[in-house]
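This report concerns only the one structure given below.
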Amino acid sequence: MRVTVDLNRCQAYAQCCYAAPHHFALHGAEALHYDPAPTAAARDDIERARVACPVQAIRVEDAGRQRA
């Protein structure tokens with residue numbers, strides 16, 4: 001699984017941090033840190049964060065599949 005965040009689209013609402021705090025963290029006012037290659041066991045948390053993002057800045061990709 002590969003996770004990317006469009007940092008131009010991200011508005012630092014931090015909903016991903018609340019949804020998946022072990023995978024997303026806001027440092028300072030707007031510096032988002034995240035794991036671009038989480039394990040498959042993290043899928044539910046990552047999907048919850050993706051759905052929670054109000055500006056749809058999080059993308060999750062699998063081998064052969066892509067989710068917005």
Side-chain angles (χ1 to χ4, degrees):
M1 172 173 38
R2 186 175 135 200
V3 175
T4 55
V5 177
D6 182 342
L7 297 176
N8 291 315
R9 181 178 255 181
C10 177
Q11 297 295 305
Y13 292 117
Q15 295 305 303
C16 58
C17 300
Y18 296 116
H22 298 293
H23 306 286
F24 296 88
L26 200 57
H27 293 278
E30 296 181 359
L32 180 66
H33 292 234
Y34 65 96
D35 181 1
T39 65
R43 172 156 310 277
D44 288 343
D45 289 342
I46 300 298
E47 286 295 329
R48 192 170 28 258
R50 182 184 67 79
V51 170
C53 180
V55 295
Q56 301 177 349
I58 300 171
R59 176 166 291 212
V60 178
E61 298 176 20
D62 289 322
R65 289 194 321 189
Q66 188 172 335
R67 296 182 189 163

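Sequence positions, counted from 1, serve as the residue numbers for this chain.
A search for ring pair (Phe, Tyr, Trp, His ring centres under 6.0 Å) contacts involving H22 returns nothing, not counting sequence neighbours. Judged as a side chain to side chain contact (heavy atoms under 4.5 Å, CB included), and not counting sequence neighbours, the contacts of A31 are H27, H33. Every residue two or more places apart in sequence or in another chain that forms a side chain to side chain contact (heavy atoms under 4.5 Å, CB included) with A42 is listed here: H23, P38, T39, I46. With sequence neighbours left out, R2 forms a side chain to side chain donor-acceptor pair (under 3.5 Å) with no residue at all.
Closest of all the heavy-atom pairs between P54 and Q15 is CD-CG, 4.0 Å.
V3 has its side chain out of reach of D35: every pair of non-hydrogen atoms, C-beta onward, lies at least 4.5 Å apart. Looking at L32 and C17, their side chains come closer than 4.5 Å, going by heavy atoms from C-beta outward. Side chains of R43 and V60 form a contact here, defined as non-hydrogen atoms less than 4.5 Å apart.
As a member of the Ile/Leu/Val/Met/Phe/Trp/Tyr network built from side-chain separations under 4.5 Å, Y18 groups with nothing else and remains a singleton.
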N/O donor-acceptor pairs under 3.5 Å from side chains in residues 5-14, not counting sequence neighbours:
from : atom 1 : to  : atom 2 : distance (Å)
D6   : OD1    : N8  : N      : 3.0
D6   : OD1    : R9  : N      : 3.2
R9   : NE     : V55 : O      : 3.4
R9   : NH1    : Q56 : O      : 3.3
Q11  : NE2    : R9  : O      : 3.3

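Applying the ring pair (Phe, Tyr, Trp, His ring centres under 6.0 Å) test to pairs two or more places apart or on separate chains, none has a residue in residues 34-55.
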